Protein chains: 2
Amino acid sequence: MRPAKALAKSLERVVPIGTLAERTGVKVETIRYYEQVGLLPEPERSEGNQRRYGRAHVERLAFIKHGRDLGFAVESIRTLLRLSDTPGMACDEAHAIAAEHLEEVRDKIARLRSLEAELARIATVCSGGVAASDCAVIEALADHSHCEHHGH
Amino acid sequence: MRPAKALAKSLERVVPIGTLAERTGVKVETIRYYEQVGLLPEPERSEGNQRRYGRAHVERLAFIKHGRDLGFAVESIRTLLRLSDTPGMACDEAHAIAAEHLEEVRDKIARLRSLEAELARIATVCSGGVAASDCAVIEALADHSHCEHHGH
DNA sequence: CTACAACCTCTAGCCACTACAGCTTCAAGA
DNA sequence: TCTTGAAGCTGTAGTGGCTAGAGGTTGTAG
């Protein structure tokens, strides 16, 4: 009694690229791209030259996906993968990468928050239906009052 | 008594691209790029084919710069410029663009904040110097516990 | 055996610049 | 007036991280 085919497929040891894509949530084209830039090792091929992935590939691609979801640059992920392949792992380095990225994220948040405040100010004036002859949004962009005091 | 040359230069009615760059804080290459994509109109040229900008260009480029600093896409700025050129200004449309952008910024902030929380969690575990045999950063990326419950 | 989905490679496109190569022009000092 | 060197010019290619499409081949269910 061998399992039905549909079941077999989901348990299969070796899968084509579409199945890998489904399993990891990474698009087929993106998988090929990761291979091209050397993030994902080249898999075996079928007789007809189609990619066949094993368990190790699934794991590695999931790692990459998690890293990207957390906003790590592909270069950082490359390093993290290398570290994770290292037997005596250099946790320091991994931590440094994560800490640096965290700082970048915090910087980005800070910048976006001041942007948000500025935009909210502009948009509110405008939506308030003030009887301005000119539009507050356009005015804000044309206005130099913000930049004169820092140089140009 | 004509003004000294240095002074004259800063008051000049017509300026080369480098001076425009200095005045607006936009790089020379970026100015040429804006011209190429039709954001900034083609200026007059000197006999030797060099660009010569007038007051209107300075104003327009400052408008663009302010828009970019606020994170507006070049396409949005194109529309906003068109609106600002329109005599009876369509404030509604300008407001809609600003409001939409504000929403995008807020979305981005929200996404970055949850990223920040996740990264902080990961990085803290690791920096705590816990006697883990494996690195928490690497573990977090290799771990499936976060993604299993939403499908892959 | 046939139909058709899934796969293949290769190339170009996205955004908003940035950088370079290889040239010409401008302007200040001697 | 001549020389030097900064600043200008055009055109092309590269950045990151994919995404889309053309035009062909392979795998597999019925």
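Small disclaimer: the values here were computed from a predicted structure and weren't measured. The chains referred to below are lettered A, B, ... by the order of the sequence lines, with proteins before strands, and numbering in each begins at 1.
- Following rounding to the nearest Å, A:Tyr33 (OH) and C:dC8 (P) show an atom-to-atom distance of 18 Å.
- Positionally, the nearest nucleotide of DNA chain D for B:Asn49 lies more toward the 5' end than for the other of A:Asn49 and B:Asn49.
- In terms of phosphate contacts, A:Arg45 brings a side-chain nitrogen or oxygen within less than 4.0 Å of OP1 or OP2 of C:dT9.
- The only member of B:Val14, B:Thr24, B:Thr19, B:Val15 that meets side chain to side chain contact (heavy atoms under 4.5 Å, CB included) when paired with B:Tyr53 is B:Val15.
- Comparing atom distances between the B:Thr30 side chain and each of C:dC7, C:dT18, D:dC18 picks out C:dT18 as nearest.
- Between atom CG of residue A:Leu115 and atom CZ of residue B:Phe72 there is a gap of 8.5 Å, rounded to the nearest 0.5 Å.
- Taking side-chain N and O atoms only, A:Tyr34 has a distance below 4.0 Å to OP1 or OP2 of D:dC18.
- Here B:Leu70 contributes atom CG and B:His101 contributes atom NE2; the two are 6.5 Å apart, rounded to the nearest 0.5 Å.
- Listed candidates were C:dC7, D:dC18, D:dT10. Nearest to the side chain of A:Ile17 is C:dC7.
- Going from atom CG of B:Asp69 over to atom C1' of C:dA16 covers 14 Å, rounded to whole Å.
- Taking NE2 from B:His66 and CG from A:Leu141, the interatomic distance works out to 8.0 Å, rounded to the nearest 0.5 Å.
- The line from CZ of A:Arg78 to CG of A:Leu81 is 9.0 Å long, rounded to the nearest 0.5 Å.
- Look at CD on A:Gln50: it is 7 Å from C1' on C:dC8, rounded to the nearest Å.
- Residue-level contact check: B:Phe72 touches neither bases nor backbone, having no heavy atom under 4.0 Å from any strand.
- The CD-P distance, from A:Glu29 to C:dC14, rounds to 17 Å in whole Å.
- Atom-to-atom, CZ of B:Arg51 to C1' of C:dC26 comes out at 16 Å; the value is rounded to the nearest Å.
- Looking at B:Arg106, its side chain never comes within 3.5 Å of a backbone N or O of B:Ala110 through a donor-acceptor pair.
- Ranking C:dC17, C:dA16, C:dT25 by closeness to the B:Ala73 side chain, first place goes to C:dA16.
- Atom CD in A:Glu35 sits 7.5 Å away from atom NE2 in A:His57 (nearest 0.5 Å).
- The CD-P distance, from B:Gln36 to D:dT10, rounds to 10 Å in whole Å.
- Rounding to whole angstrom units, CD of residue B:Glu35 and C1' of C:dT18 are separated by 17 Å.
- Defining each end axis of the helix from C:dC1-D:dG30 to C:dA30-D:dT1 as the rotation carrying four pairs' C1' atoms onto the next four, with five pairs an end, the two axes are found to diverge by 10° to 10 degrees.
- Here the straight-line distance linking atom OG1 of A:Thr79 with atom CD1 of A:Ile97 works out to 4.5 Å at 0.5 Å rounding.
- Taking the nucleotide of DNA chain C with the nearest heavy atom to each of B:Arg68 and B:Glu47, the more 5' of the two is matched to B:Arg68.
- In this model, the phosphate group of C:dT9 is not approached by any side-chain N or O of A:Arg32 to a distance below 4.0 Å at OP1 or OP2.
- Contact between the side-chain N/O atoms of A:Ser46 and the OP1/OP2 oxygens of D:dG27 is found at a separation under 4.0 Å.
- In this entry the distance linking CD1 of B:Ile31 with P of C:dA16 reads 18 Å, nearest Å.
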